[in-house]
Enquirer: 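If you scroll down you'll find the structure; I have some questions about it.
On a predicted model such as this, the values are computed, not experimentally measured, just so you know.
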Amino acid sequence: MSALAGKELRIIGFLCNWCSYGGADTAGVARATQPTDLRIVRVPCSGRVDPLFVVRALLNGADGVLVSGCHPGDCHYAAGNYYARRRLEILRQFLPVLGIDPRRFEYTWISASEGQRWQAAVTEFTRQIHSLGPAPKLEDAEPLVRVADMALTALRPLGTGRNAALDELKAAIKAKLPELDCVIGWKQGYDAAHAAPLFMRTEADVDQLIWGPLNVSNPATYLPSLKGKKVGIVVKGCDSRSVVELLQEGLIRREDLTVFSMPCEGTLDMARVQQELGSYRHIDSVERDEAGVTITADGQPHRFCMVEYAQGKCYGCTTPGAVLADVRLGTPTPVTPAEATPPELALLDGMSLGERFSFWKTQMERCIRCGACRNACPMCVCRDYCVSESRDPHWLTQEDKPTEKLFFQAIHALHLAGRCTGCGECQRACPVGIPILALRQHISRAVSQTFDGYRPGMNTGATPPLLGYAVEEKSIHEREWK
């Protein structure tokens, strides 16, 4: 029977074998009164607690999750809890964007001799969960449909790249081509209104290169699969951040890479463009001026002004020029860094926890589990060993349930924590238009606020925060249970 009044709730505790589990045992030997709601999972180290364990438990019926390990500095494995501290703090800040009350998750440090401290911690956490009541279930949430407002003011002038030095770029690529296996860029796709990846191996291939607002894809996605080859790549500013992040993590080698860049003036949101075009049989022409693009389909012209139809990421872009480049052509417009909340993230910021839960239920019911978001992501490099497809351990089932689909998105977002460069390929590739980029943007904001404004893909010598630790953390405060 629960030590607290009322019905027992489902609380999961992940306890370090060497300290916290010993602390719980000490409390038991001392016959200290404890709530019986807690179900303990013993782990070798708090560093072994993947944040996905917590998300999985909370999405699948747990009312609360408590993680406890050795005090920082006393880890049996030297630094396991230092890594855990960073991961668990970011997880705590990530849960609200899913619609999960962050008070349902807590982490603390308890040694084997602190039986009384353990009793206080588990009792207080259990009281907290009882005050919140049973956790809501995603399947029971009411449907909620909302659309992000794209009427934003850009931090820089948006244009079409009409006056870009494309001929000079082609000449520079042709000059370097004999030294390279290929150069990645863009060419016209199945019609003049769409672009496709271009792998340039001959001068004739280079002549197909295009530049402008239709170059929406991120060519850095292909670099890890070409590791070991001499590769050139044409990048926009946001693409270059992905290149830098891949270099930071050793997924590609700098000596094998030649980066070509020109200033980017923005790219079109092709989902909204396609919606405006509707059904058509043929694209007659695509014309650009300084401010926008006119696409004529079946004889009907459609005007797309860049300030109205740019991708959401372009409005707040502070890197119109490449962060890293070997060949630079043109001068980007200077941008003063400023706080700019992306439209999808602003949409979620304006919702309550319950509304977010309902929102994601509605969105996940539309998901077809095609994997396009994962496959388009330049930082998602373990596709042949993706945990979402693993059967040992079996992370996901094949059930067509919103819970399973949202957990997949949580897997992707948490694996990108401190690594996502905000290129937006995941959302752009989604065939049903789910605003999944907001999950990555939220966790990137949490990382930036916690780790001194860190931005992925800006410095090849930097270490992503969740791949390292500090003995004394400036923005992570230890939680005391009284």
Side-chain angles (χ1 to χ4, degrees), residues 154-177 179-187 195-200 205-224 226 229-248 251-268 288 306 310-311 313-314 316-335 337 378-379 421-425 455-462:
L155 297 180
R156 61 189 174 99
L158 297 177
T160 62
R162 185 183 182 192
N163 299 318
L166 182 57
D167 290 337
E168 289 87 339
L169 177 60
K170 290 180 179 178
I173 293 174
K174 289 178 180 179
K176 288 280 188 179
L177 200 57
E179 308 169 16
L180 304 171
D181 292 307
C182 71
V183 179
I184 311 171
W186 304 268
K187 65 178 179 180
L198 171 64
F199 294 83
M200 295 169 270
D205 294 334
V206 179
D207 291 332
Q208 299 180 61
L209 180 66
I210 62 173
W211 181 269
L214 299 177
N215 296 0
V216 294
S217 62
N218 185 348
T221 303
Y222 301 100
L223 290 178
L226 296 172
K229 296 185 178 181
K230 299 292 184 180
V231 179
I233 184 170
V234 183
V235 296
K236 308 184 291 294
C238 54
D239 304 335
S240 71
R241 290 182 60 189
S242 298
V243 173
V244 171
E245 184 65 27
L246 290 169
L247 288 168
Q248 283 181 246
L251 297 170
I252 56 177
R253 299 191 304 179
R254 183 68 180 95
E255 59 269 26
D256 293 338
L257 190 65
T258 303
V259 183
F260 303 87
S261 78
M262 290 196 298
C264 175
E265 298 179 10
T267 54
L268 286 170
R288 288 189 288 171
M306 290 299 296
Q311 291 195 74
K313 65 174 183 176
C314 296
C317 176
T318 58
T319 54
V323 176
L324 174 72
D326 299 297
V327 179
R328 294 181 187 269
L329 297 169
T331 304
T333 303
V335 179
M379 303 313 304
T421 57
C423 71
E425 284 296 275
R455 295 179 66 202
M458 300 299 290
N459 181 359
T460 55

Enquirer: Compare all side-chain heavy atoms of P224 with those of L246 and state whether any distance is below 4.5 angstrom.
Expert: yes
Enquirer: Where do V206 and M200 come nearest, in terms of heavy atoms and distance?
Expert: CA-SD, 3.7 Å
Enquirer: Taking all non-hydrogen atoms of both residues, which atom of V243 and which atom of L223 are closest, and how far apart?
Expert: CG2-CD1, 3.9 Å
Enquirer: What's the separation between atom CD in E245 and atom CG in N459, rounded to the nearest 0.5 Å?
Expert: 10.5 Å
Enquirer: Pairs under 3.5 angstrom only: tabulate donor-acceptor contacts from the side chains of residues 256-268 to other protein residues two or more places apart or in another chain.
Expert:
| unit_1 | atom_1 | unit_2 | atom_2 | d |
| --- | --- | --- | --- | --- |
| D256 | OD1 | K230 | NZ | 3.1 |
| D256 | OD2 | R253 | NE | 2.9 |
| D256 | OD2 | R253 | NH2 | 2.9 |
| E265 | OE1 | T160 | N | 3.3 |
| E265 | OE1 | G161 | N | 3.0 |
| T267 | OG1 | Q311 | NE2 | 2.7 |

Enquirer: Backbone N or O of I210 within a donor-acceptor pair of the N215 side chain at under 3.5 Å?
Expert: yes
Enquirer: Measure across R288 and R162 and return the closest heavy-atom pair with its distance rounded to 0.1 Å.
Expert: O-NE, 3.6 Å
Enquirer: Would you name the heavy atoms of R156 and P320 that are closest together and state the gap between them?
Expert: NH1-CB, 3.8 Å
Enquirer: Quick check for you: to the nearest 0.5 Å, what is the distance between I173 atom CD1 and I184 atom CD1?
Expert: 11.0 Å
Enquirer: Can you tell me how far the CD atom of E425 sits from the NZ atom of K313, to the nearest 0.5 Å?
Expert: 6.0 Å
Enquirer: So does T319 get a backbone contact from the side chain of K236, meaning a donor-acceptor N/O pair under 3.5 Å?
Expert: no
Enquirer: Are the side chain of R328 and the backbone of A322 linked by a donor-acceptor contact shorter than 3.5 Å?
Expert: yes
Enquirer: Report yes if the side chains of V244 and R241 come closer than 4.5 Å at any heavy-atom pair, otherwise no.
Expert: no
Enquirer: What's the shortest heavy-atom distance between V235 and W211, and which atoms?
Expert: O-CH2, 3.6 Å
Enquirer: Just verifying a value: how many Å separate R254 CZ and L324 CG, rounded to the nearest 0.5 Å?
Expert: 4.5 Å
Enquirer: Taking atom CG of D205 and atom NZ of K174, what is their separation to the nearest 0.5 Å?
Expert: 10.5 Å
Enquirer: With rounding to the nearest 0.5 Å, note down the distance linking CG in L209 to CG in D167.
Expert: 10.0 Å
Enquirer: In this structure, are over 12 heavy atoms from other groups packed under 6.0 Å from Y222 atom OH?
Expert: no
Enquirer: Just wondering, do L226 and C182 contact through their side chains at under 4.5 Å, heavy atoms?
Expert: yes
Enquirer: Do M458 and T421 have side-chain heavy atoms sitting under 4.5 Å apart?
Expert: no
Enquirer: Do the non-hydrogen side-chain atoms of P219 and V234 ever get within less than 4.5 Å of each other?
Expert: no
Enquirer: If every non-hydrogen atom of L155 is compared with every non-hydrogen atom of G316, which pair is closest and at what distance?
Expert: CD1-O, 3.7 Å
